[in-house]
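Reading through the structure tokens given below for one structure.
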Number of protein chains: 2
Amino acid sequence: MATIDREVTARVVLQQCLHAKLQVKPPDEDSEAEWTEIQRGMVIYLCFFKGSTKDVIPKMVVSFSVSSVLNVKLSETDSGKHVSVVELPGDILIVPQATLGGKSKGRCMQYHSNAGKELGMELYAQFISQCQKELESHPSWVEAGAVLRHGTYGNRQVLQLNTNGPYTHLLEF
Amino acid sequence: MATIDREVTARVVLQQCLHAKLQVKPPDEDSEAEWTEIQRGMVIYLCFFKGSTKDVIPKMVVSFSVSSVLNVKLSETDSGKHVSVVELPGDILIVPQATLGGKSKGRCMQYHSNAGKELGMELYAQFISQCQKELESHPSWVEAGAVLRHGTYGNRQVLQLNTNGPYTHLLEF
């Protein structure tokens with residue numbers, strides 16, 4: 001059994017992809033839906049809990065003592081070796097996914113532990129900007145033309161995903 | 001914060017989908033890859049830990065006291081109401097995903113808590129057969145022509161996913 005005994009302030013699900021496309025603006029009367037997309041790289045589904053502070057973000061993004069989303073070796077090279085998404089170098093798509101904070105009660109899910117909308121939005125924005133900053137400090141990632149894309153907080157995350165094995169991992173902080 | 005304090009014997013990630021396609025046999029010299037696919041419904045990523053027994057399967061599949069994969073209300077109807085995948089009625093794709101048992105150590109993931117291959121394969125097969133049996137007891141699900149499909153344990157899970165919002169949830173048992 002896996003014994004889990006700690007407080008969690010953020011939950012992340014990671015999947016590697018060959019291509020992913022995410023709606024960032026739903027269609028309305030005047031305009032079509034807007035989409036963002038990435039090629040080979042990593043999709044990061046992200047959820048913050050109540051009590052999270054911006055202090056958790058560096059741990060999630062760039063920590064060297066724990067597995068952070070940018071340094072954990074979960075991207076597969078052509079030769080089958082596992083490296084970080086920065087080392088790949090691969091694209092990154094960040095998807096806000098408050099549903100990951102759900103806790104089951106009877107047949108329904110409740111989200112009482114989730115960060116409120118204002119805090120969640122602020123932490124989401126900080127997560128993106130710290131990822132961007134960290135990525136820009138890696139010349140090999142930048143020069144490869146890799147990109148960071150992200151969804152719109154609070155929107156429905158209409159997603160299309162093409163993988164060579166999603167290689168789904170859970171990280172908690 | 002979300003306080004988590006218990007032993008986990010199985011971990012499941014659920015995503016709703018409009019269409020999903022999964023490779024069940026990789027290509028070889030003599031034949032092309034074989035695929036299975038579902039339409040609107042639910043993708044179940046599944047991982048068993050060491051110490052799991054077949055006793056956990058009924059809880060995961062059909063329990064009425066906790067949220068099981070078949071009764072939890074995580075499928076959205078056209079009118080936006082949340083119902084179970086059985087009530088939708090929707091297709092189901094079961095994907096073995098041992099990577100979900102990973103625990104980070106430094107920059108790498110380790111899988112020491114995962115059920116061994118033999119136990120994992122047995123529990124995976126039982127999970128599928130208990131799902132199938134339960135689904136067949138719901139005439140409305142059967143008569144709607146909904147299907148249960150699954151990946152091949154131990155294979156690379158090459159997956160294509162098309163969602164109207166993956167609505168990603170984590171359940172642990």
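Hydrogens, waters and symmetry mates play no part in the numbers below; they use all other heavy atoms, side chains included. Everything numeric here is computed off the predicted structure, so don't read it as measured data. In what follows, chains carry the letters A, B, and so on, assigned in the order in which the sequence lines appear, proteins first and then strands, with residues in each chain numbered from 1.
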Identify which of [options] forms the greatest number of heavy-atom pairs closer than 4.5 Å to chain B.
{"options": "A:His19, A:Glu76, A:Lys21, A:His112", "answer": "A:Glu76"}
{"options": "A:Ser67, A:Ser104, A:Ala20", "answer": "A:Ser67"}
{"options": "A:Gln157, A:Arg156, A:Gln160", "answer": "A:Arg156"}
{"options": "A:Ala115, A:Ala10, A:Ser68, A:Gly165", "answer": "A:Gly165"}

Query raised in the report: So, the side chain of A:Arg107 versus the backbone of B:Asn71: is there a donor-acceptor pair under 3.5 Å, distance only?
Result: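 Judged by distance alone, yes, a pair lies under 3.5 Å.
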Query raised in the report: Between the main-chain N or O of A:Val158 and the side-chain N or O of B:Thr163, is there a donor-acceptor pair closer than 3.5 Å?
Result: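 Judged by distance alone, no pair lies under 3.5 Å.
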Are [X] and [Y] grouped together when hydrophobic residues (ILVMFWY) are joined by side-chain heavy atoms under 4.5 angstrom apart?
{"X": "A:Val69", "Y": "A:Leu123", "result": "yes"}
{"X": "B:Val12", "Y": "B:Val43", "result": "no"}
{"X": "B:Leu46", "Y": "B:Val56", "result": "yes"}
{"X": "A:Met121", "Y": "A:Val61", "result": "yes"}
{"X": "A:Val85", "Y": "A:Val142", "result": "yes"}

If I measure from the heavy atoms of chain B, does [X] come under 4.5 Å with its side chain, its backbone, both, or neither?
{"X": "A:Tyr167", "result": "both"}
{"X": "A:Leu22", "result": "neither"}
{"X": "A:Gln15", "result": "side chain"}
{"X": "A:Lys105", "result": "backbone"}

Return the option, out of [options], with the maximum number of heavy-atom pairs under 4.5 Å with chain A.
{"options": "B:Gly102, B:Gly106, B:Cys108", "value": "B:Gly106"}
{"options": "B:Asn114, B:Val95, B:Leu161", "value": "B:Leu161"}
{"options": "B:Asn162, B:Val72, B:Leu159", "value": "B:Leu159"}

Query raised in the report: Given a strict heavy-atom distance threshold of 4.5 Å, which part of B:Gln97 is in contact with chain A: side chain, backbone, both, or neither?
Result: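 B:Gln97 touches chain A through side-chain heavy atoms alone.
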Requested in this report: Below 4.5 Å from any heavy atom of chain A, which atoms of B:Leu14 appear? Answer side chain, backbone, both or neither.
Outcome: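 Contact with chain A: none, neither part.
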Query raised in the report: side-chain contact (heavy atoms from CB on, under 4.5 Å) between A:Met109 and B:Leu171: does it pass, once the steps are laid out?
Result: CA-CA 10 Å; A:Met109 298 302 281; B:Leu171 289 181; 3.9 Å; yes
Report task. Look up atom OG1 in A:Thr99 and atom CD in B:Gln16, then write down how far apart they are to the nearest 0.5 Å. Result ->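 So the OG1 of A:Thr99 and the CD of B:Gln16 are separated by 9.5 Å.
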Query - Over 12 non-hydrogen atoms of neighbours within 6.0 angstrom of NZ in A:Lys54 - result: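 Open.
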